[in-house]
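Bear in mind the structure is a predicted one, so any value in this text is a computation, not a measurement. Letters A, B, ... are given to chains in the order of the sequence lines, protein chains preceding strands, and every chain is numbered from 1.
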Amino acid sequence: MEVAKVIIDQNSHHTDRPFDYKIPGELREAVKVGSRVQVTFGKGHKKMEGYVLGVKDIEKPRYTIKNLQGVVQNVPPLSELQIDMILWMKKTYLCTYMEAISAVAPPKAYGNIKEKKDVYVRRKISSEKLESQLEKTPNNAKRQREILQYFLEEEELLLKSLPGIKSLYKNAVNALEKKGILEVIEKEKASKLLSMKSPSNPPRVPLTTEQKKALETMKEGFQQTQQNGVKGKTYLLHGVTGSGKTELYLGLIEKALEMGKTAIVLVPEISLTPQTMERFTARFGEAIALIHSSLTLKERYHEWEKIQQGKAKIVIGARSAIFANLENLGMIVVDEEHEYTYKSEQNPKYHAIEIAKYRSEKEGAQVILGSATPSVESYYRGEKGIYELISLDRRVTKHQLPQVEMVDMREELDVGNLSMISGSLKSQIEENLKNRGQTILFLNRRGFSTFLSCKKCGYVEKCQDCDITMTYHLPSDELICHYCGKKKKPITECPDCGSTTIKHFGYGTQKLEKNIENLFPQARILRMDVDTTTEKGAHEKVLNAFKNREADILIGTQMISKGLDFPGVTLVGIIAADSILNLPDFRASERTFQLLTQVAGRAGRGEDLGSVVLQTYKPEHYSIEEAIKQDYVGFYKREIGLREAFEYPPFTALYLVNLMGEDEDKVYNTAIKISKGIRYILKNEGHSDCLEECILGPNPSVITKINKNYRYRILLKNINIDKQLLKKVLKYVCINKRKQFVPDEVNLSIDFNPYSII
DNA sequence: AGCACGCCGACT
DNA sequence: GTCGGCGTGCTC
Ligand SMILES: [Zn+2]
Ligand SMILES: [Zn+2]
């Protein structure tokens, strides 16, 4: 008897296995492998849905088998390639079937999508007439006058983008509507990114010799792959800012399309701007589908439909676009490949590059990883020949770099300045305010990690085994290494210089905002960090306000780096380069280098080149030195040595096991039980020698408590042990025997190749 | 997860 | 006696 193996769409590890269902005669035609089907499930015969992941023959069943109830309409069945990928993801990321399916399958359309409408205000008369109207408007109608000012330049504005409280401007708008000057209209929400979609065949800028050579090499590789039908090659395109990487992407996509292939272009969510879109649409027009969070549900569904129906030849989007089920996939471009947003934060915790390489292997697509500051892992693979490394060293455009001034904060102490703003930065902000230029100030998140540092010489206490900054914990007054759990008494005297000026670092954007407010009471200040930007779109709002010059100073964490491209910005201040450098994470140096390189390498705008003030207690650190020199390879050479010495990626693979729950004892005991279980099995397998280095923890996570939930984690590293064996043991304990190790109140999730261990 | 079954305490 | 508390176990 032929039965369908169905994965029930229920988010639970208890039911994470295929269940058999009979296929009734009338459904034989409609049900395919990959179909979304209706079933009854459990003792209550609850109506549920699920996916058919396969069919099999059963001789005589040892249990009663229910019938499939039907096929869900309007959900395209998963393709064979998609099902293979789901199975591979489950194995690789140790997630559930449904988690893998949710990642791979396009988002479901929920019935009729009800879209909220946006309310706009539009000018009904010409701007000249408006001017005379403005004169006629009495002075006491302050609100009305203010609103009319806006419409001198704009024809149409979002109602809620008008200044003031809703009730205040609503009255004024109503009055103006009665006068026939303005009108209020409703429009369906629409993403700005979708507005331009016709090819305009802009004049092509001729490529430089360097670009030509790079393009030819990659095109040849593509041709070879297509002819020999082998798995696709991966290229690492390392090019400084302004070296013309995008132009090469366009050339490669063109080549792929010529050969009847399709392409995926991944761009970090935040840099997917109308300008970026325009580069692509100008060349390829309607053949593009866009996947981006600014899309409304309806738009999103429409774009996926376009992919499904084969109308799209190119898909541009953020992380999840890597799953676009294009046929004849030939080219995958990952721009800014070092960006952490390519790593999923939900289960399965995949990295888009991992999926790209998988598809490259299965579908024969070529992968292009582009970056000015590649991740250390990628560059290492480029050097080892696993990727083909192509470097673009010349800037295409005349590109003036800003003035970078480094301020040694240790000297500020000598002159009696104890604040977080150096004299130099203070005077530069003053100057910039006077000249009506905008300022961006970077600072890392607070509370995240507090560390101890000598203010005189910059010494920071690190774990001797892990080379990781030790984190200060207040309740116990101890320094703790979050990797291995080693503890230490806090230092009161610097072991390097003997000074007793030991300072706790860990201030955040809020405190800085207060500081700046006090220093420059007349300045308009915006702040953007995790706390202020929880609601969706809040991010964009703050950035847009800053772009429109509604503020003079923008304070924030790394997430404001998009603001670097705003033309009004003429001063960038890095308050404490050390706050990233001293994060308790193996990627701290890399992240510092990437941010500083980006800031120091930003294009000067127009006449004013702008300037950068970089404050640090450790000016001699290689991340800082090489970033100022804009020397990636110099940085890489220093960093890779340390990664090898302390056995971090790319020299080891990491697995992070996260345990979470409201009962701290239960969470801790579970963590202990799991680590003991893994140790026990490894010992029996004859690996007692590597237990100490392989299994670190359990330790409390750096953020020990989120939302009433206590968090512990175990870190696994493959030192002196086969990666596969370590993973097998991990899977055995955490997945196969989960019931014995993990109670239901404790949440477990596994992160393979974590981006950071914070 | 979500539901049924079942085995004890306190309530008409 | 029996109503309902939640601990236990199963779902094709
Ligand atoms: Zn010192
Ligand atoms: Zn350590």
### Message
In this structure, how many angstroms lie between the C1' atom of C/dC12 and the CG atom of A/Asn67, rounded?
### Response
11 Å

### Query
Between A/Arg36 and A/Glu49, is there a side-chain N and carboxylate O pair less than 4.0 Å apart?
yes

### Query
Which two nucleotides bound the region of DNA chain B that has atoms under 4.0 Å from heavy atoms of chain A, read 5' to 3'?
B/dA1 to B/dA4

### Task
Would you mind reading off the distance between A/Lys60 atom NZ and C/dC12 atom C1', rounded to a whole angstrom?
18 Å

### Query
Across the strands shown, which category fits A/Phe41 at heavy-atom distances under 4.0 angstrom: base, sugar-phosphate, nothing?
base

### Task
Flag the pair A/Glu590 and A/Arg587 as a salt bridge only when some basic side-chain nitrogen lies within less than 4.0 angstrom of an acidic carboxylate oxygen.
yes

## Note on the structure
Rounded to whole Å, the CG-P distance (A/Leu53 to C/dC12) equals 17 Å

### Exam field: side chain A/Gln38 to backbone A/Lys47, donor-acceptor pair closer than 3.5 Å
no

### Task
Using atom CD1 of A/Ile8 as one end and atom P of C/dT11 as the other, report the distance to the nearest whole Å.
12 Å

### Message
Output the rounded distance in Å from CG (A/Asp744) to P (C/dG9).
### Response
12 Å

#### Entry: Length of the line joining A/Tyr63:OH and C/dT11:C1', which is rounded to integer Å
11 Å

### Task
Check for a donor-acceptor pair, side chain of A/Ser35 on one end and backbone N or O of A/Val37 on the other, with a separation under 3.5 Å.
no

### Query
What is the distance from NZ of A/Lys739 to P of C/dT8, rounded to the nearest Å?
14 Å

### Task
Write down the distance between NE2 (A/His13) and C1' (C/dT11), rounded to a whole number of angstrom.
14 Å

### Query
Any donor-acceptor pair under 3.5 Å linking the side chain of A/His13 with the backbone of A/Thr96?
no

### Query
Can you tell me if the side-chain N/O atoms of A/Tyr21 get under 4.0 Å from OP1 or OP2 in C/dC12?
yes

### Query
Do side-chain atoms of A/Tyr301 reach the backbone of A/Pro107 as a donor and acceptor pair under 3.5 angstrom?
no

